[in-house]
Amino acid sequence: MGVDLGPLVKDVKKIIKFEDLVGKRIAIDAFNTLYQFLAIIRGRDGTPLKDFQGNVTSHLSGLFYRSLNLIEHDIRPIYVFDGPPNPFKQAEIQRRREIRNEARKKFEEARDLGETEDAAKYAQGSSKLTGAMIQESKEFLSALGIPIVEAAQDGESQAAYLVSTNQAWAVGSQDYDSFLFGAKKVVRNLSMNRTRKIRSTVVTVDIEWLSLEKILFSNNLSREQLIDIGILVGVDFFPGIKGVGIKTAYKLVQQYGSLDIMLEKDIEIRKQKISGLLSSETVQAVKNIFLNPVINKNISSLKWKTPNFDKIREILIEKHNFNSERVETGLSRLKKRGSARQKTLSDFL
DNA sequence: CCAAAGGA
DNA sequence: TCCTTTGGG
């Protein structure tokens with residue numbers, strides 16, 4: 001639920017394929033991905049996948065098959081997990097909690113009334129990522145041999161840092177927020193499935209590659225101005241100004257140059273003085289989060305290890321009753337990949 | 001979301 | 001063999 005920069009990026013996004021990412025390291029926003037899995041991996045009535053004890057397993061299914069596909073294409077994922085949230089994010093966290101509770105109520109109502117289609121619709125927004133699920137996701141990724149990075153605060157900023165220090169080639173996220181954090185490149189829709197149906201109409205979902213430099217250049221903006229646009233329309237750390245969307249925000253920033261100047265001149269936005277809508281202190285504080293984020297710089301070197309097959313079996317089959325045949329076919333794909341890599345390596349030597 | 005089964 | 005539908009946990 002990050003900032004919607006849609007109209008600003010629409011002309012600069014490049015459609016790519018998995019093959020274009022061979023050998024590349026992608027710093028994936030873990031929370032973003034896990035929430036995506038929880039929202040989408042569900043049965044007909046909207047119920048998530050669960051084991052016999054009633055534990056939700058949609059995220060594990062998503063991580064397993066997604067990782068298989070990435071590894072088979074020799075793409076190197078790094079999962080970046082959020083740390084404790086920045087205090088400025090509390091209001092947004094509370095807002096999301098309320099939206100989720102509302103969705104959950106509507107989901108349960110519709111499900112109990114047997115209104116499957118409605119139930120499925122509301123189910124999407126009702127999922128909660130628990131501490132136990134986060135912990136187990138880390139354990140599972142480690143079993144797959146995929147490196148994990150713990151962010152000091154926001155995963156997006158930590159992922160952006162990995163790109164700027166050349167430890168990753170791009171950030172992998174559905175959100176555009178990492179651009180405000182200075183991510184040079186972002187890859188969106190990093191998935192296999194090329195079609196998605198939204199109410200009987202089938203839409204193709206392509207992998208998108210976006211560069212901060214191109215976005216700024218084509219819109220004639222600086223990164224600070226992009227942040228100002230974000231503050232006007234709303235980001236995780238500030239709700240934005242009511243009634244101001246991306247187009248208005250862009251026009252205002254182009255016209256005045258910056259939020260600081262708008263505040264100095266105390267311009268009117270929708271018949272209201274801007275000084276009554278946000279303070280200079282707030283602007284500075286929010287800008288500072290994006291420009292000088294708290295980063296975990298103490299990262300152990302990123303290594304992709306041989307998967308621990310027994311650990312994967314233990315988590316999926318023993319703990320969560322995944323079908324063992326399905327898991328084994330998955331594992332054999334991983335083994336094949338491993339031997340192919342070893343072969344190319346020995347050829348090289 | 002992704003894999004596997006089912007139809008064409 | 002390709003494309004659509006169904007089921008996974």
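Just so it is clear: chains get the letters A, B, ... in the order the sequence lines come, proteins before strands, and each one is counted from 1.
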Separation of [N] [atom2] from [X] [atom1] (nearest whole Å):
X        : N     : atom1 : atom2 : answer
A/Ile41  : C/dT6 : CD1   : C1'   : 15 Å
A/Tyr35  : B/dC1 : OH    : P     : 18 Å
A/Phe52  : C/dG9 : CZ    : P     : 13 Å
A/Phe322 : C/dG9 : CZ    : C1'   : 6 Å
A/His320 : C/dG8 : NE2   : P     : 18 Å
A/Leu70  : B/dC2 : CG    : C1'   : 12 Å
A/Leu331 : B/dC2 : CG    : P     : 18 Å
A/Met192 : B/dA4 : CE    : P     : 14 Å

For [N] and [X] - does any side-chain N or O of the residue sit under 4.0 Å from the phosphate oxygens OP1/OP2?
X        : N     : value
A/Asn69  : B/dA3 : yes
A/Thr329 : B/dA4 : yes
A/Arg333 : B/dA3 : yes

SB check [X] [Y] (cutoff 4.0 Å):
X        : Y        : value
A/Asp20  : A/Lys17  : no
A/Asp236 : A/Arg96  : yes
A/Glu92  : A/Arg95  : yes
A/Glu314 : A/Lys311 : yes
A/Lys336 : A/Glu72  : no

Using a heavy-atom cut-off of 4.0 Å across all strands, would you classify [X] as base, sugar-phosphate, or nothing?
X       : answer
A/Ser61 : base
A/Ser58 : nothing
A/Asn55 : nothing
A/Arg44 : base

Minimum-distance nucleotide (side-chain atoms of A/Tyr65 versus B/dA4, B/dC1, B/dA3): B/dA3
Of the listed nucleotides B/dA3, B/dC2, C/dG9, the one nearest the side chain of A/Arg66: B/dC2
